[in-house]
Amino acid sequence: MASERHEMSTEDGAEGVEETPILSESSESDGRSERTIRREESGDSTSRRPSKVVKKVRATKTSKTGKAVRTGGSRQAVEQESILPPESFTRAPRISAKARTREEENELKRARREAQRAAVRQRNPPRGPLGRWWRKIQSSPDRISLGMCIVALGVVYGDIGTSPLYTFQTFVSGQGGIGKVDRPAVLGMLSLVFWSITLITTVKYVLVAMRIDNKGEGGIFALYTLVRRYGKWLAIPAMLGGAAFLADSVLTPAVSISSAVEGLKTIPVLEPVFKENGNLTMVITFVIILILFAVQSRGTERIGKVFGSVVMVWFAFLAVIGIYCIGGDWSIFEALNPVYGIRFLFSPRNPVGLTIMGTVFLSTTGAEALYSDMGHVGRGNIYATWPFINIALVFNYFGQGAWLLRNTTNPALQGVTGLNPFFQMMPTTVRYVAVILSVTAGVIASQALITGAFTMVSEATGLNWMPHLQVRYPARTRGQLYIPTVNWVLCAATLTVLVLFKDSEHISAAYGLALTVTMITTTVLLADYLWHDRKRIGSIVFAVVFLAIQILFFLASMAKFMHGGWFTMLLTAAILYIMYTWDQGTKVERSQRRHMAAKECLPALEMLHNDFRIPYFADNLVYLTSDAEMRRLDTDIFFSIFANHPKRARAWWAVSVQTTDAPYTRKYSVENFGTNYLFRVRMKLGFKVDQNVATYLHQIMHELIDSGELPKQPSIYPKVDEDPQIGTITYVLVHKALMPESKIDSRGALSLKVKYAIRKLAGSPIKWFGLAPYNPIVEVQPLFVSTRSVPKLTRVMLPPRKVKPPKHPKAQ
């Protein structure tokens with residue numbers, strides 16, 4: 001490596017020569033071989049011992065004029081090793097010699113086992129048409145596995161599985177008590193419930209919506225990504241539906257768990273305890289909800305396996321109890337005729353009129369979760385389990401209806417406040433089991449909405465409708481994720497709802513209103529997709545039928561607005577505002593993003609790189625950017641380098657991280673623009689790989705040094721990263737700020753201000769990239785939108801100074 005002479009000006013104008021440390025040819029060769037040997041022995045590219053650094057010293061003397069004058073003489077070589085402690089103190093993370101982690105090895109073994117089983121199946125052709133059909137299913141996206149079917153039971157069906165806990169309780173309360181419930185009312189209610197579940201859940205979601213997926217993912221945001229090219233206006237229903245779903249996710253844990261816990265009041269032994277402590281059910285619910293959110297970080301796969309076994313028992317219990325209460329009165333199934341439902345809906349004996357549809361809607365509240373959680377468990381596993389779930393629900397609802405018909409005139413039940421047919425129809429000894437299972441089912445219902453909320457926030461982030469939050473993937477598939485910020489915000493909001501409304505009766509008054517909005521907007525997007533998929537007649541029929549039903553649900557649920565529905569609508573509006581302003585602010589920022597070609601930026605960078613009058617700001621100046629451009633440089637980085645005092649460095653880096661759909665991808669690309677001081681790096685990391693940018697960047701620097709693309713950067717003094725082969729590294733994140741003189745409308749300015757405020761609350765990307773220990777710089781630059789001309793200042797002349805006359809000396 002040739003020596004560099006840095007000419008510097010001394011304070012008195014004298015010129016001196018500053019020479020940087022260099023490696024002699026022999027020591028350079030020895031150091032390289034030593035690094036190679038140690039890397040081969042340890043397999044660790046960053047755990048290299050410091051090579052010997054040779055420093056060239058010239059003897060100088062100072063003349064009488066103060067100038068430094070070079071004296072003759074030979075070069076004197078002084079060897080210096082890096083001054084590092086004898087043992088590690090920082091424990092900095094390093095690149096392992098192993099190509100795969102233990103988790104990856106286990107995943108690879110599992111894939112090999114599956115491949116072996118697939119090979120065995122190929123050698124044994126299927127027998128008969130049924131065997132060929134099963135083989136076709138297992139080789140398609142609709143494949144089925146017993147383990148994931150159990151997970152599907154635990155993750156997907158919790159919400160719809162708890163609907164029997166409160167649907168008929170709300171119905172009886174709305175009719176004015178059990179004494180005013182007659183046969184036409186019961187049959188009409190059962191008919192409306194059955195056909196609502198059939199049309200909304202089975203037809204709309206299971207048979208239609210779940211066939212329309214985005215790489216296996218479902219939900220309203222995944223659907224929007226498929227149809228957004230058909231019109232910009234489609235963003236409005238997508239945002240509105242997603243915001244309503246997230247708002248309703250706050251109420252689901254509160255209403256499901258509290259309604260189950262209140263079943264303890266129906267147990268005779270515990271009745272005195274709950275009468276003396278009126279808030280005991282709320283306290284128990286509070287603790288259960290807190291524990292539920294605390295275990296979310298373990299992943300839905302583990303939770304799903306535990307819950308799946310329990311929920312299988314729960315739905316079997318629903319079916320058995322329903323059949324037991326039906327007894328021999330199979331005439332209750334007359335309610336399968338939709339005429340009973342339509343007749344009761346418009347009957348004068350129905351005291352609540354069309355608002356009864358708000359109660360009916362409670363039986364379908366988990367339908368949207370089937371679609372949004374499809375990416376968690378797979379479409380085929382939902383297809384396989386839904387018939388069992390549907391039959392169990394129908395038996396239980398009809399069992400409650402049969403019990404109501406037998407006990408309409410029961411004097412012991414007349415005047416009972418908050419009567420719940422679900423618990424009352426069971427023998428007292430069975431209620432103990434029912435309460436335990438229902439509490440578990442309430443937790444499962446909450447889990448279904450929580451996991452759905454994680455998925456929707458992640459998809460909203462991908463659409464740039466929400467800030468980038470830290471996402472963890474505790475399971476094998478990308479669909480099973482955990483977002484700490486969202487988890488604890490949901491927890492705080494749910495506990496607030498519980499404290500505010502206190503019991504399930506008041507919470508159910510607010511429940512379901514926002515979800516009707518989600519269902520309506522999902523119908524709009526599905527109809528648009530079918531229309532552009534050349535199924536126009538089907539699209540029209542689908543839109544007319546389901547919009548009519550769901551608008552009726554919405555209008556009926558609006559009766560809940562003043563009884564608590566305002567809360568979910570307020571939450572919906574707040575979340576919608578966040579999405580809209582973040583989207584608008586991002587559009588304004590991107591409209592101002594500019595790039596510079598190499599010929600435009602390199603002359604100035606090369607001049608700064610060789611300007612030895614300016615001291616180094618850092619050996620390596622690393623900018624983290626979301627920009628995907630590899631062949632050009634973002635102007636934000638360029639002007640950051642030259643802003644205020646120019647940031648001179650041995651090398652400038654622009655680094656971006658792209659998360660891939662594969663779990664364990666570890667790749668990178670480098671563009672050096674034909675220089676040895678400007679590098680554009682793009683890392684592609686799998687969604688299960690920790691985004692430890694600092695560690696991976698060290699590996700990249702070492703490989704560039706080995707290839708000769710990056711000059712060597714030997715470091716003598718101790719550093720936190722304990723890597724003497726790499727110079728100091730300073731990380732920079734550039735944030736934008738709106739200039740006061742910016743020529744922008746008030747809506748755009750407000751969107752930017754709100755976006756920056758949300759970003760501040762959401763947290764810095766520093767933690768996402770694992771850079772907190774390295775004290776990165778967060779730099780704010782003006783957003784260069786068009787600016788208004790500023791009127792010039794007018795100079796105001798100061799009044800002339802009054803000159804005092806000189807004092808005359810006194811006469812002698």
Side-chain angles (χ1 to χ4, degrees), residues 155 158-159 162-163 165-166 243-265 274 277-300 303 307 362 365-366 369 435 438-457 466 469-470 472 481-515 560 563-575 578 758 761-763:
V155 172
D159 192 9
T162 55
S163 296
L165 290 173
Y166 44 79
F245 183 89
L246 292 174
D248 212 72
S249 300
V250 173
L251 269 71
T252 298
V255 69
S256 300
I257 297 176
S258 63
S259 61
V261 172
E262 287 168 6
L264 294 171
K265 295 180 179 180
F274 285 94
N277 302 277
N279 293 325
L280 183 58
T281 55
M282 186 182 72
V283 173
I284 295 173
T285 305
F286 191 99
V287 173
I288 293 174
I289 290 174
L290 195 61
I291 294 173
L292 172 65
F293 281 99
V295 301
Q296 288 300 310
S297 60
R298 297 179 63 85
T300 59
I303 296 175
F307 284 176
L362 294 176
T365 51
V435 170
S438 63
V439 170
T440 308
V443 172
I444 294 169
S446 306
Q447 181 64 54
L449 268 294
I450 293 169
T451 53
F454 290 158
T455 302
M456 297 199 79
V457 170
M466 280 192 174
L469 301 171
Q470 185 181 16
R472 300 177 186 172
L481 49 87
Y482 168 67
I483 306 177
T485 302
V486 175
N487 183 66
W488 294 114
V489 168
L490 278 177
C491 179
T494 302
L495 295 178
T496 301
V497 167
L498 182 63
V499 173
L500 185 65
F501 292 98
K502 299 187 182 303
D503 56 41
S504 62
E505 183 178 356
H506 292 90
I507 298 173
S508 61
Y511 186 53
L513 176 58
L515 201 56
K560 301 179 179 181
H563 299 282
W566 59 268
F567 185 83
T568 53
M569 298 307 288
L570 186 63
L571 280 177
T572 300
I575 298 170
I578 291 173
I758 295 171
L761 293 174

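Predicted model, so just to flag it, every value in this text is computed and none were measured. What's counted below: heavy atoms across the whole structure, side chains too, no hydrogens, waters or symmetry copies.
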Testing the basics here: between [X] and [Y], what is the closest heavy-atom pair and its distance to 0.1 Å?
| X | Y | answer |
| --- | --- | --- |
| N487 | F293 | ND2-O, 3.0 Å |
| A453 | F245 | N-CE2, 4.1 Å |
| V295 | L292 | CG2-O, 3.2 Å |
| L165 | S259 | CD1-OG, 4.0 Å |

Side-chain heavy atoms of [X] within contact of [Y], under 4.5 Å:
| X | Y | result |
| --- | --- | --- |
| T281 | L264 | no |
| V486 | M466 | no |
| L290 | C491 | yes |

Straight-line distance of [X] [atom1] to [Y] [atom2], nearest 0.5 Å:
| X | Y | atom1 | atom2 | answer |
| --- | --- | --- | --- | --- |
| I284 | I288 | CD1 | CD1 | 7.0 Å |
| F286 | I291 | CZ | CD1 | 11.5 Å |
| L280 | T285 | CG | OG1 | 9.0 Å |
| T494 | I257 | OG1 | CD1 | 8.5 Å |

- Task: Would you please name every residue forming a side-chain contact (heavy atoms from CB on, under 4.5 Å) with T572, sequence neighbours left out?
- Result: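 side-chain contact (heavy atoms from CB on, under 4.5 Å) check on T572 returns L240, A243, A244, A247, A514.
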- Which residues satisfy the side chain to side chain donor-acceptor pair (under 3.5 Å) test with S258, sequence neighbours excluded?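 Scan of S258 (side chain to side chain donor-acceptor pair (under 3.5 Å), adjacent residues dropped) gives none.
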